[in-house]
Number of protein chains: 2
Amino acid sequence: MVKADATTNSTATSFMNGVPELLLLRLLQAREMYGYELVQAIRDETRDAVQFGEGVVYPVLHALEKDGALKSRRKTVNGRSRVYYSLTAAGRRRLGDLTATWLKVSEAIQGVLTGARHAEAI
Amino acid sequence: MVKADATTNSTATSFMNGVPELLLLRLLQAREMYGYELVQAIRDETRDAVQFGEGVVYPVLHALEKDGALKSRRKTVNGRSRVYYSLTAAGRRRLGDLTATWLKVSEAIQGVLTGARHAEAI
DNA sequence: TATTATACCTTGCGACTCGAGGTATGGGGC
DNA sequence: GCCCCATACCTCGAGTCGCAAGGTATAATA
């Protein structure tokens, strides 16, 4: 077995749990989009820093719809059938909560990484 | 008393995969520490924004040692036996890689959240 | 003496991610 | 007309990870 590990995949770093959900909600807040489009939008908007395949995106979309955070409608464009998703009120709330949590957590991690002694209390 | 975490813990989105490893490496870069101490250090330095229990910390420490990123030594202090961990050269390299990846990814997510049109190319 | 705090550890469930695979159709090139 | 690619949807199985819960042992404190 090749050692080769290093920065490759094995233990590799996916620091992202719940991130698909967060990004999907955020993109759909801006406008109605369909699954295949979302896969590429995430790749594009993050300049390839973040990539989620269809095997990630579709299940998350289905779960969010089942939870009432998204609603969908079929639409045929250029003879192609697409499922467009958009946020519900619950989805907007969820996006707000997730965003707040993400900010809090990522700032805290940032703080540890930059060696910031747990800063002064408020 | 019920802890009753407000934000529905069920699917509760803990955006953090690989974060335990990252924080542990970072803290141990500063100085030699032991498991029980690390659990509290993470809580303290992140002002409770991030918390990892012993069930997370110990297994990660063992895995990192097995991978050669950490080395340990037993030491008895005040009649208490502790296992102190410190970084190896491989561990320092790993910390550097993980930190770079974390920065790239978290900035990309930040960009999407703030609606930054995938900024200008270099 | 009993309880709490320190300090170590493992196990089993559940959740998440992802590659791989499967279906179907429209458009271009030959 | 035919083949292949891109579009567009989907599921399954494997593997990983996080975590609560549980377990041991000892020092300090009440």
Side-chain angles (χ1 to χ4, degrees), chain A residues 5 8-24 32-44 50-67 70 72-85 98 101 105 109, chain B residues 2-5 7-24 32-44 50-67 70 72-85 98 101 105 109:
Chain A
D5 184 353
T8 2
N9 66 13
S10 61
T11 306
T13 7
S14 41
F15 317 91
M16 23 192 109
N17 224 330
V19 170
E21 180 178 333
L22 175 61
L23 293 186
L24 255 18
E32 195 182 47
M33 296 175 82
Y34 55 99
Y36 193 79
E37 183 185 15
L38 285 160
V39 170
Q40 295 161 308
I42 290 176
R43 223 183 0 83
D44 292 348
V50 178
Q51 295 187 46
F52 295 117
E54 301 177 32
V56 172
V57 169
Y58 286 115
V60 173
L61 288 174
H62 299 159
L64 285 172
E65 180 171 25
K66 193 176 160 206
D67 271 21
L70 297 180
S72 68
R73 65 186 181 111
R74 293 201 90 87
K75 204 172 144 188
T76 296
V77 180
N78 296 335
R80 297 205 155 274
S81 178
R82 298 171 177 168
V83 183
Y84 281 84
Y85 292 89
L98 291 185
T101 303
V105 168
I109 294 171
Chain B
V2 182
K3 199 164 187 189
D5 189 18
T7 39
T8 324
N9 205 344
S10 56
T11 307
T13 14
S14 48
F15 316 90
M16 26 191 107
N17 227 329
V19 170
E21 181 177 332
L22 175 61
L23 294 186
L24 255 18
E32 194 183 46
M33 295 176 82
Y34 56 99
Y36 193 79
E37 183 184 14
L38 285 160
V39 170
Q40 294 160 309
I42 290 176
R43 221 181 3 81
D44 292 350
V50 177
Q51 296 186 46
F52 295 116
E54 301 178 32
V56 172
V57 170
Y58 287 115
V60 173
L61 288 174
H62 299 157
L64 285 173
E65 180 172 24
K66 193 176 158 207
D67 272 20
L70 297 181
S72 68
R73 65 187 181 109
R74 291 200 93 86
K75 203 173 144 186
T76 297
V77 180
N78 295 335
R80 297 205 156 273
S81 176
R82 296 172 177 167
V83 182
Y84 280 85
Y85 291 90
L98 291 185
T101 303
V105 168
I109 293 171

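Chain identifiers are assigned alphabetically (A, B, ...) following the order of the sequence lines, protein sequences preceding nucleic acid strands; residue numbering begins at 1 within each chain. Please read all numbers here as calculations on a predicted model, not as lab measurements. When reading the values below, keep in mind they use all heavy atoms of this one structure, side chains included, and skip hydrogens, waters and symmetry mates.
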- Message: I'd like to know if A:E37 pairs up with A:R82 as an ion pair, taking the criterion as any Lys NZ or Arg NE/NH1/NH2 lying under 4.0 Å from an Asp or Glu carboxylate oxygen.
- Response: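 Not counted as a salt bridge, because no side-chain N and carboxylate O are separated by less than 4.0 Å.
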Between [X] ([atom1]) and [N] ([atom2]), how many Å, whole number?
| X | N | atom1 | atom2 | result |
| --- | --- | --- | --- | --- |
| B:I42 | D:dC19 | CD1 | P | 10 Å |
| B:L61 | C:dC8 | CG | C1' | 11 Å |
| B:M33 | C:dC8 | CE | C1' | 16 Å |
| B:K66 | C:dT10 | NZ | C1' | 15 Å |
| B:R43 | D:dC19 | CZ | P | 14 Å |
| A:E65 | D:dC10 | CD | C1' | 14 Å |
| B:L38 | C:dC9 | CG | P | 12 Å |
| A:L23 | C:dT17 | CG | C1' | 14 Å |

- Quick note, B:N17 side chain, CB onward, closest among D:dT11, C:dC16, D:dG18 is D:dG18
- Task: Show the numbers, then the answer: is there a side chain to side chain contact (heavy atoms under 4.5 Å, CB included) between A:Y85 and A:H62?
- Result: CA-CA 10 Å; A:Y85 292 89; A:H62 299 159; 3.6 Å; yes
- Nearest nucleotide by nearest heavy atom, which residue falls closer to the 5' end of DNA chain C, A:G79 or A:Q51?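 The 5'-side residue here is A:Q51.
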- Query: Looking at B:H62, does any N or O in its side chain come under 4.0 Å of the phosphate oxygens OP1/OP2 on C:dT10?
  - Reply: yes
- Interatomic distance, B:L98 atom CG to B:L22 atom CG [nearest 0.5 angstrom]: 6.0 Å
- Item | Distance, nearest 0.5 Å, that separates OH of A:Y36 from OH of A:Y58 |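 OH of A:Y58 is found 8.0 Å from OH of A:Y36.
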- Message: Nearest heavy atom decides the nucleotide; on that basis, is A:R74 or B:V56 closer to the 5' end of DNA chain D?
- Response: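 It is A:R74, whose closest nucleotide lies nearer the 5' terminus.
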Where do [X] and [Y] come nearest, in terms of heavy atoms and distance?
| X | Y | value |
| --- | --- | --- |
| A:G35 | A:L61 | CA-CD1, 3.9 Å |
| B:V57 | B:L24 | O-CD2, 4.3 Å |
| B:E54 | B:P59 | O-CD, 3.7 Å |

- Readout for nucleotides 1-7 of chain C: B = base within 4.0 Å of protein heavy atom, S = sugar-phosphate only, - = neither; 5' to 3' it is ----BBB
- Quick one: label A:G53 by what it contacts on the DNA or RNA (base, sugar-phosphate, nothing), any heavy atom closer than 4.0 Å.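 Here A:G53 touches no strand at all.
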